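Taking it in order: structure first as C-alpha cells, then the write-up.
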Amino acid sequence: MQKITLFIDDREVKAPAGRPILWLALENGIYIPNLCAVPGAEDPPAACRLCWVEVEGYPRPVTACTEPARDGLVVRTRSPRVDRLVRAAFELLLSAHRLECSRCPKNRACTLQEIARARRLPLRLVRYRKLARDLPVDNSSPAVRYDPGKCVLCGRCVRACRREGTGILGFARRGYERRVTTFGEVPLARAGCSGCGACALACPVGALTLKTKSV
Amino acid sequence: MRDSNSPLQQKFAALKRRAREAWEALRKGPLVLVGAATCGRAAGALEVLKVLEEEIRKQGLDARVVEVGCMGHCYAEPLVVIAKPGFPSICYGYVTEGIARRLVQDFLGGDDPCLEFALAALEPNELVPAFSDFPRGQVERAVLLEKCGLIDPQDINHYLALGGYGALVKALSLSPEEVVAEIKASGLRGRGGAGFPTGKKWEACRLAPGEEKYVICNADEGDPGAFMDRTILESNPHQVLEGLAIAAYAVGARRGFFYVRAEYPLAVERVKAAVRDARAAGLLGPDILGSGFDFEVEVFQGSGAFVCGEETALIASMEGRPGLPRHRPPYPAEKGLWGRPTVINNVKTLAYVPLIVERGAAWFRGIGTPQSPGTAVFALAGKVVNTGLVEVPMGTTLRQLIFGVGSGVPKGKAFKAVQIGGPSGGCLPVSCLDLPVDFDSLAQAGAMMGSGGMVVLDEDDCMVEVARFFLDFTQKESCGKCTMCRLGTRQMLEILESITRGEGRPEDLELLLELAEDVQAGSLCGLGRTAPNPVLSTLRYFREEYEAHIKERRCPAKMCQALIAYYILPEKCERSCDACVGSCPVEAIFTNEDRLKVIDQQKCVKCNSCMEACPPQYKAVIKLSPPELVRELERKGGAK
Ligand SMILES: Cc1cc2nc3c(=O)[nH]c(=O)nc-3n(C[C@H](O)[C@H](O)[C@H](O)COP(=O)(O)O)c2cc1C
Ligand code: FES
C-alpha cells in the first residue's frame with residue numbers, strides 16, 4: 001500500500017494511506033482516549049465519542065478512529081474544543097458507571113482510570129447528575145462476573161464473544177436502556193457461556209471480569 | 001434528444017391516449033370526489049362515501065363517485081368535491097352523512113349546488129368564491145400537492161391523463177448525465193430535513209465506481225405529527241414512483257426500494273398497487289417502453305423506530321441488521337445498501353423530480369428563493385385555526401403562514417412561538433415572525449426545515465415544558481449506540497425535569513447550555529446532533545422563562561404542575577353554584593362559612609377539572625404561580 005506522511009502533534013508519521021489516525025497516534029506513542037475501537041476491525045462503531053482530534057482545515061473536531069490518514073494531514077490531539085468534548089463524553093460515561101474503584105477487580109487496569117490520568121480528569125461526577133440504574137450483577141457463569149452497572153457499551157466483549165467464544169453476547173434495547181446481554185436477557189450460564197473469558201479480556205473497564213486470574 | 005417519433009414516444013403516446021379517453025369519459029357526467037386519505041378516513045370519509053354511493057343508486061342517478069387522496073384542507077374533513085357539467089367544481093367541507101344525502105338529492109338530482117355547505121370552488125368562477133379568492137389562496141402555491149385530491153391514486157390512467165410519466169419518457173430520451181445536470185441546475189435540495197443538494201448527491205452516486213447501484217425512497221416519516229409523506233404516497237403514489245425511476249436512470253441503478261413505515265398500511269398498499277400497475281403498463285420492469293432501461297421496484301416496510309429514518313440506520317435495517325446509524329463518510333452515495341453506491345431521497349424530493357424534468361430547471365428556480373428554490377410543505381398544527389397540510393413557496397414568512405394561511409391563534413389568545421422542524425426543531429418567538437421560511441434562514445434562527453412539522457404555541461404554553469417534551473421524545477428515540485446522545489440527552493432531560501418541577505439550581509442553565517452544545521457537536525448521527533435544538537432555541541429566546549422557574553419557582557405560562565396552584569376568586573364565586581365541587585375527583589373543594597367555594601391545597605391534584613367546570617359567566621377559578629401566592633391571597637381575603 002502507498003505510504004504517506006502526516007503530522008500528529010508536530011510529529012512526522014509515515015503510514016499506509018487510509019489507516020485510521022487513532023492507531024497511527026497510539027503506535028507512535030501519542031495517547032488518544034478510546035474505548036470502542038478495535039485494531040483491524042472494519043467499520044469502527046465510533047460509539048464512545050472519546051477519541052477527538054483536530055485536523056487542520058476541518059471546521060470541527062473529528063473522531064480519530066474514523067478518520068483515515070491522508071498525505072499531509074496536520075492532526076492535533078489536544079485543543080480547547082477537543083478537551084471539552086473528551087471531558088463531556090468521559091463524565092457522561094462516569095455518570096452511568098458504578099464508581100467503586102477501590103473495590104473493583106479492574107482497579108489500576110481500567111481504561112477509564114487511564115483516560116483520567118492522561119487527561120487529568122477527575123474520577124468523580126463534577127457537573128452531571130448520577131444516573132442510577134439498578135441492573136443486577138450476573139454471577140451465574142463460573143468463569144466471569146458481569147456487572148452491567150459498570151458497562152460503557154463499547155461492544156468489545158460482543159465482538160470477542162463472537163470471534164472466540166460462543167457468540168452469546170449482544171446488544172439489547174434502545175437508548176438509555178441499551179445494554180450488553182444475552183439472547184432473551186437470561187443469565188450468562190443459561191445462555192450457553194463456555195467460560196472462555198474472552199469477553200473479560202476484551203472489557204476495558206470492570207464490567208466483565210474473570211473470577212479467577214488463571215485463565 | 002432522440003426524435004419524437006421514436007418507438008419510445010410512440011408507445012407512450014398510445015398509453016396516454018387510452019388514459020385520456022378513460023379520463024374524459026369519466027368527466028363527461030357528474031363526478032363526486034371524496035378525500036379518503038388517512039386524514040379523511042379518520043374523519044369518516046369512508047362512511048360519507050358509502051352514503052353517497054347508496055343515495056345515487058337509490059335516486060337512479062348517473063354520477064360516478066371516486067375515492068381520491070388528501071385535498072389539503074384537513075381541518076374541514078370529510079371533504080367532497082362535486083364536478084357537475086354546467087357548474088364549477090365545488091368543494092364541500094365537514095360533510096356528514098346527512099349533508100351527503102342532501103348533495104345527492106338537491107345538487108346531483110336537482111340543480112341546487114347547496115352553497116351553504118360549500119367551502120369554495122376549485123377554480124375562479126361567477127357562482128362561488130374559489131380557494132384562490134381567500135387570503136390563504138394568495139399565499140399558498142400547490143406544486144407538489146397539485147394533483148393530490150384530484151385524481152384517483154389507484155388508477156394509473158388518471159395520473160397518465162394529467163401528463164404523468166411524461167417526465168420519465170423525456171428523461172429516457174436524454175443521457176443520464178443530462179438528467180443529473182438538469183436536477184443540479186434546478187437547485188433542488190433534499191426535503192428529508194438537511195436540505196442537501198439532490199443533483200450533487202446523484203452525481204456522486206453516478207460517479208461512484210461499481211456496476212450495481214440502488215435508489216431508495218425514504219418514507220419512514222417518524223416525526224410525530226408529520227404526515228406529508230404519507231399524504232403524498234396515499235394521494236399520488238405514481239408521481240413519487242416516477243421520480244424514483246428518473247433517479248435510477250440518472251445514477252445508473254436498476255433496482256429501487258420504497259422504505260415505508262409499517263404504521264402506514266394505506267400508503268404501503270397504494271405504493272404496491274402503483275408499482276404493480278406501472279409495471280403492467282410497461283413503465284417499470286425490463287426494457288421500459290423499449291428504451292433499454294430496466295428498473296424494478298420493491299416495497300420494504302420499516303419497523304417504525306424514529307432513528308430508522310436516518311439513512312445509514314435505514315440501510316442497516318434493510319440489510320437485516322439492527323437499525324443503528326453508523327459514521328459517515330463513507331456516504332451512502334459511495335457505500336450504501338449492501339456496500340453499493342445508493343441514492344436515498346425523501347418522498348417529497350422525489351415527487352419534485354418529474355415536475356422539474358418536465359417543466360425545466362428554470363421553472364423550478366422561478367419558485368421560492370435563490371438558495372432554496374421550490375415550495376415547502378408543512379403540517380400546521382397546535383394553537384392555530386386552520387390545521388393541516390400547507391404548501392407555500394420557500395421564502396414565505398412565518399407570519400404569512402401562521403396568520404395568512406393558518407388564520408392565526410384561536411380563542412383570542414396571544415401567539416407565543418412556533419416550533420418548526422419536528423422533535424429536533426427549534427422554537428422561534430414573535431420577533432422571528434417576519435423570517436422567511438427557507439433552509440438557511442431557519443437554521444440560522446436556531447430551528448430547521450426538518451420534516452416540516454410546524455406547531456404553533458400560544459401564551460398558555462410553557463417553553464421549558466415544550467423543550468422538556470421534545471427532549472423526552474428524542475431521548476426515548478435515541479438508539480443508544482453513542483455516548484453523547486444516549487447519556488447526554490438523558491442528562492439534559494433530567495435537568496429540564498428538575499426545572500419544571502421547581503427544583504432547578506441556578507447553575508443548571510449554564511450546564512444545560514454546555515451539555516446541549518456538546519451533544520450537538522459530539523453525537524454520531526443527526527438525531528443526537530439536532531436533539532438539542534429545542535433546548536438551545538428556547539434558551540436563546542425564552543431564557544427569562546427558565547430563570548423564573550429556577551429563581552422564583554414561577555411558571556409564567558402556568559403550565560408546570562408543580563409550580564401552580566388553583567384558586568377560587570371569592571369576588572367571582574357565585575356561592576349557590578356547585579359545579580366545581582361536583583367536578584373535583586378528590587373532594588378538595590369545600591364551602592366555607594360565607595358559602596364561598598375554597599380549594600384545599602393539600603388535597604388538590606391540579607387536574608384542571610374545576611377550572612373547566614366553573615361556568616364561563618363566572619370564571620372564578622384561576623391558576624396562580626408560584627403556588628405560594630394562594631396563601632397571600634387567602635390572608636388578604638381573610639383580612640378584608
Ligand atoms: C433521526 C433522523 C431521522 C430521519 N428521518 C427521516 C425520515 O423520516 N424521512 C426522510 O426522508 N429523511 C429522514 N432523515 C434524513 C435522512 O437521513 C436522509 O438525509 C434523507 O432521507 C435524504 O433525503 P433527501 O436528500 O431527499 O433529503 C432522518 C435523519 C435523522 C438524523
Ligand atoms: S474510539 Fe473513536 S469513538 Fe470510540
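Per chain, numbering begins at 1; letters A, B, ... match sequence-line order. Only a predicted model underlies this, so the values are computations on that prediction, with no experimental measurement involved.
More than 12 heavy atoms of other residues, nucleotides or ligands shown are found within 6.0 angstrom of OH on A:Tyr31. Shown here is B:Phe196, whose CZ atom has more than 12 heavy atoms of other residues, nucleotides or ligands within 6.0 Å.
Across every non-hydrogen atom of A:Ala46 and B:Cys482, the tightest pair is O-CB, 4.4 Å. Nearest heavy-atom pair across B:Gly480 and A:Leu153 is O-CD1, 4.3 Å. The two residues A:Pro45 and B:Leu524 have their closest heavy-atom pair at O-CD2, 4.0 Å.
A:Thr5 meets the side chain to side chain donor-acceptor pair (under 3.5 Å) test with A:Lys14; sequence neighbours excluded. Under the rule for a ring-ring contact (aromatic ring centres under 6.0 Å, His included), the partners of B:Phe306 that lie at least two apart in sequence or sit in another chain are B:Phe473. The side chain to side chain donor-acceptor pair (under 3.5 Å) check on A:Asp134 picks up nothing, with sequence neighbours excluded.
Comparing A:Cys48, A:Ala88, A:Cys36 by heavy-atom pairs within less than 4.5 Å of chain B, the highest count is held by A:Cys48. Here A:Leu93 is the residue among A:Leu93, A:Leu35, A:Val152 with the most heavy-atom pairs under 4.5 Å with chain B. Listed options A:Pro61, A:Ala89, A:Gly155 were ranked by heavy-atom pairs under 4.5 angstrom with chain B; first place goes to A:Ala89.
In this structure, the portion of B:Leu511 lying under 4.5 Å from any heavy atom of chain A is its side chain and not its backbone. The part of B:Leu324 that comes within reach of chain A is its side chain, from C-beta onward, which places non-hydrogen atoms under 4.5 angstrom from that chain.
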Check: every donor-acceptor pair under 3.5 Å linking chain A and chain B:
residue	atom	partner	partner atom	Å
A:Ala47	O	B:Thr483	N	2.9
A:Ala47	O	B:Thr483	OG1	3.3
A:Cys48	O	B:Thr483	OG1	2.9
A:Arg49	NE	B:Gly522	O	2.7
A:Arg49	NH2	B:Gly522	O	3.4
A:Arg49	NH2	B:Ser523	O	3.3
A:Thr66	OG1	B:His327	NE2	3.2
A:Arg84	NE	B:Asp518	OD1	2.8
A:Arg84	NH2	B:Glu514	O	3.1
A:Arg84	NH2	B:Glu517	OE1	3.0
A:Arg84	NH2	B:Asp518	OD1	3.3
A:Ser95	OG	B:Gln491	NE2	3.0
A:Arg127	NH1	B:Glu514	OE1	2.6
A:Arg129	N	B:Gln491	OE1	3.1
A:Arg129	O	B:Gln491	NE2	2.7
A:Arg129	NH1	B:Asp508	OD1	3.4
A:Arg129	NH2	B:Ser498	OG	3.1
A:Arg129	NH2	B:Asp508	OD2	3.0
A:Arg174	NH2	B:Glu477	O	2.9
A:Gly175	N	B:Ser478	O	2.9
A:Gly175	N	B:Cys479	O	3.0
A:Arg178	NE	B:Gly480	O	3.4

